[in-house]
Amino acid sequence: CTPGPDGKTCLVYTADFEFSPDQMPAFHLSTGQKMPAVGFGTWQAAPTVVQQAVGLALQAGYRHIDCAHVYNNEQEVGDAIQSVVQQGKLKREDLFITSKLANFFHAK
C-alpha cells in the first residue's frame, strides 16, 4: 500500500489480477440475467482514489459495484463507470450498480 495524501488511504496503481466475469458466482434473476454475487465495495474509499479503484476493478473483471449516498463518493464512482462505458470497454447493461439510501432521506 502506498499512503495517499491523507496518510491513511492506500493509492491503487494497477490491477494485479484479472478474472472472467463468468467465473464469479451469480444470482439468477427472474429476468434471465445473472447478477454477480460479489460486488466491488466502495465504502470508506476516499473520493481521491475511488475513481481509479473502480476503473481497475472493472478492468480486472468485476461487474457489480456497490455504493451508497453516505459514502460521499458516488460522483467519482459514476465518473469511473462513465469513462469505461464511453471508451467502449463495457456496456452499461453489463454492469450491476447497487446503492443504498439512508432512511432519513426517504421522507424527502
Side-chain angles (χ1 to χ4, degrees):
C1 166
T2 302
D6 60 6
K8 301 175 195 171
T9 307
C10 292
L11 295 178
V12 179
Y13 293 108
T14 61
D16 292 333
F17 65 95
E18 289 186 20
F19 60 90
S20 166
D22 294 332
Q23 294 173 307
M24 183 68 68
F27 297 108
H28 296 269
L29 306 178
S30 63
T31 62
Q33 293 179 291
K34 291 181 359 183
M35 179 179 174
V38 178
F40 183 78
T42 61
W43 181 57
Q44 292 187 336
T48 56
V49 296
V50 74
Q51 184 172 349
Q52 182 183 21
V54 169
L56 290 170
L58 293 171
Q59 174 186 324
Y62 280 92
R63 297 298 179 261
H64 178 183
I65 307 296
D66 178 67
C67 51
H69 176 74
V70 298
Y71 298 173
N72 293 316
N73 60 17
E74 284 185 312
Q75 179 65 51
E76 292 79 10
V77 170
D79 290 345
I81 294 166
Q82 183 179 31
S83 176
V84 169
V85 170
Q86 285 180 341
Q87 292 173 29
K89 295 179 181 178
L90 290 172
K91 296 178 183 173
R92 173 58 183 90
E93 54 267 22
D94 296 331
L95 305 175
F96 288 85
I97 313 301
T98 55
S99 191
K100 296 157 287 296
L101 188 63
N103 284 336
F104 54 84
F105 284 111
H106 290 207
K108 295 182 179 183

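Numbers here simply count residues along the sequence, with the first being 1. Only heavy atoms go into these numbers, but all of them, side chains included; no hydrogens, no water, no symmetry mates.
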Those residues that, when tested against K100, pass salt bridge (charged side-chain N to carboxylate O under 4.0 Å, His left out) (two or more places apart): D66

Does [X] belong to the same Ile/Leu/Val/Met/Phe/Trp/Tyr cluster as [Y], with side-chain heavy atoms less than 4.5 Å apart forming each link?
| X | Y | value |
| --- | --- | --- |
| V85 | I65 | yes |
| Y62 | V77 | yes |
| V84 | M24 | yes |

Taking only residues two or more places apart in sequence, or in another chain, which ones meet [X] in a side-chain hydrogen bond (donor to acceptor under 3.5 Å, both in side chains)?
| X | value |
| --- | --- |
| Q51 | none |
| Q82 | none |
| D79 | Q75 |

Nearest non-hydrogen partners of A45 and N73, listed with the distance: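 Result for this residue pair: O-ND2, 2.9 Å.
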
Closest heavy-atom pair and its distance - C67, I97: SG-CG2, 3.9 Å

Main-chain N/O of L58 paired with R63 side-chain donor or acceptor, under 3.5 Å: yes

V54 vs E76 side-chain heavy atoms within contact, under 4.5 Å: no

Side chain proximity check, L90 to L95, heavy atoms < 4.5 angstrom: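 They are in contact (side-chain heavy atoms under 4.5 Å apart), so the answer is yes.
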
Side-chain donor-acceptor contact under 3.5 Å, T98 with H64: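 A donor-acceptor contact under 3.5 Å links the two side chains.
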
With sequence neighbours excluded, residues passing side-chain contact (heavy atoms from CB on, under 4.5 Å) with Q87: S83, K89

Nearest-0.5 Å distance, NE2 of residue H69 to OG of residue S99: 9.0 Å

I'd like a table of donor-acceptor pairs (distance under 3.5 Å, sequence neighbours excluded) in which one partner is a side-chain atom from residues 26-41, with atom names and distances.
unit_1, atom_1, unit_2, atom_2, d
T31, OG1, Q33, N, 3.3
T31, OG1, Q33, OE1, 3.3

